Amino acid sequence: SQQGEEDPQALSIQEGENATMNCSYKTSINNLQWYRQNSGRGLVHLILIRSNEREKHSGRLRVTLDTSKKSSSLLITASRAADTASYFCATDRGGSNYKLTFGKGTLLTVNP
Amino acid sequence: DAGVTQSPTHLIKTRGQQVTLRCSPKSGHDTVSWYQQALGQGPQFIFQYYEEEERQRGNFPDRFSGHQFPNYSSELNVNALLLGDSALYLCASSGQGKRSPLHFGNGTRLTVT
């Protein structure tokens with residue numbers, strides 16, 4: 001079963017605009033991660049935010065985490081055509097649970 | 001520094017056949033996880049191997065089995081293939097027995113006809 005649910009399912013913006021994607025999950029977590037997948041290829045890890053953190057930045061990426069609402073958001077600022085990809089959130093429950101549980105993803109299209 | 005490599009990249013099999021997919025983890029990594037990704041869906045966890053043992057298994061039938069070798073490489077075997085097994089199979093590695101973050105290969109695209 002998939003724990004995370006990304007919203008929206010698809011997002012189309014113009015180059016230079018900001019893109020915001022949301023993720024909701026169901027159970028308590030140790031950390032939440034965001035991955036990017038270019039069409040038909042493997043996933044690339046973008047950023048990890050721990051359950052005791054509220055916000056994290058990496059370059060043009062900003063991630064927030066609200067554990068009370070069981071939700072996270074990924075903001076990509078000043079988007080570029082090369083940011084066109086699917087974005088997935090993945091939750092890590094920690095403890096003896098070693099798997100990451102992925103959502104269905106948001107397909108981001110950045111138009112030049 | 002080689003990343004995660006998977007072979008083959010594409011495979012076409014017939015229902016009822018068996019398939020073996022291979023994965024070499026990123027250099028320095030000792031933990032290998034396998035995921036199945038159906039079209040338009042997120043990856044679904046199959047199992048994870050660490051120290052040549054299956055550490056955790058997802059909700060997949062026994063037709064799915066795996067192995068990890070002393071050099072940390074891994075195989076995924078699927079028996080009695082069904083049409084629904086058609087998917088992108090992703091291998092991911094992580095280091096020092098950690099569960100994440102994961103480094104993914106580009107996957108094996110399996111088509112069952």
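Side-chain atoms are counted along with the backbone in the values below, which use heavy atoms only and exclude waters and symmetry mates. A quick note: this is a predicted structure, and the numbers were derived from the prediction, not measured. Each chain gets a letter, A, B and so on, in the order its sequence line appears, and its residues count up from 1.
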Check whether B:F60 and B:V19 end up in the same hydrophobic cluster, where Ile, Leu, Val, Met, Phe, Trp and Tyr are linked by side-chain heavy atoms less than 4.5 Å apart.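 Yes, B:F60 connects to B:V19 through the hydrophobic network.
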Answer with yes or no whether the hydrophobic clustering places B:V78 together with B:V112; edges join I, L, V, M, F, W, Y residues whose side-chain heavy atoms lie under 4.5 Å apart.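 Looking at the clustering, B:V112 is in the same group as B:V78.
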Interface moiety of B:Q37 toward chain A, non-hydrogen atoms closer than 4.5 Å: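 Answer is side chain: those atoms of B:Q37 sit under 4.5 Å from chain A.
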Answer with side chain, backbone, both or neither: which region of B:L102 has an atom nearer than 4.5 Å to a non-hydrogen atom of chain A?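 B:L102 touches chain A through backbone and side-chain heavy atoms alike.
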Counting only heavy atoms from other residues, nucleotides and ligands, does the tally under 6.0 Å from [atom1] of [X] exceed 12?
| X | atom1 | answer |
| --- | --- | --- |
| A:R54 | CZ | yes |
| B:Y72 | OH | no |
| B:L39 | CG | no |
| B:R63 | CZ | yes |
| B:I12 | CD1 | no |
| A:R60 | CZ | yes |

Any idea which of [options] has the most non-hydrogen atom pairs under 4.5 angstrom with chain B?
| options | value |
| --- | --- |
| A:Y98, A:F88, A:Y35 | A:Y98 |
| A:G94, A:S96, A:G105, A:A90 | A:G94 |
| A:L107, A:L48, A:L100 | A:L100 |

Could you tell me whether the side chain of B:P101 reaches within less than 4.5 Å of the side chain of A:Q33, counting heavy atoms only?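 Contact flag for A:Q33/B:P101 side chains = yes.
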B:Y35 and A:F102 aromatic centres sub-6.0 Å: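 Yes - the distance between ring centres of B:Y35 and A:F102 falls below the 6.0 Å cut-off.
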For A:S86, is it the side chain, the backbone, both or neither that has a heavy atom under 4.5 Å from a heavy atom of chain B?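 Neither part.
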Side chain, backbone, both or neither: which part of A:Q9 has a heavy atom under 4.5 Å from chain B?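 It is neither, since no heavy atom gets under 4.5 Å.
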For residues A:G42 and B:N106, report the shortest heavy-atom separation together with the two atoms involved.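 A:G42 and B:N106 have their closest heavy atoms at N-OD1, 3.2 Å.
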Measuring from atom NZ of A:K99 to atom CZ of B:R55, what distance do you get when rounded to the nearest 0.5 angstrom?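 If we round to the nearest 0.5 Å, A:K99:NZ and B:R55:CZ are 14.0 Å apart.
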Report the C-alpha separation of A:Q37 and B:L88 in whole Å, then their side-chain angles, then the decisive distance to 0.1 Å, and conclude whether the side chain to side chain contact (heavy atoms under 4.5 Å, CB included) test is met. CA-CA 12 Å; A:Q37 184 178 36; B:L88 181 67; 4.0 Å; yes
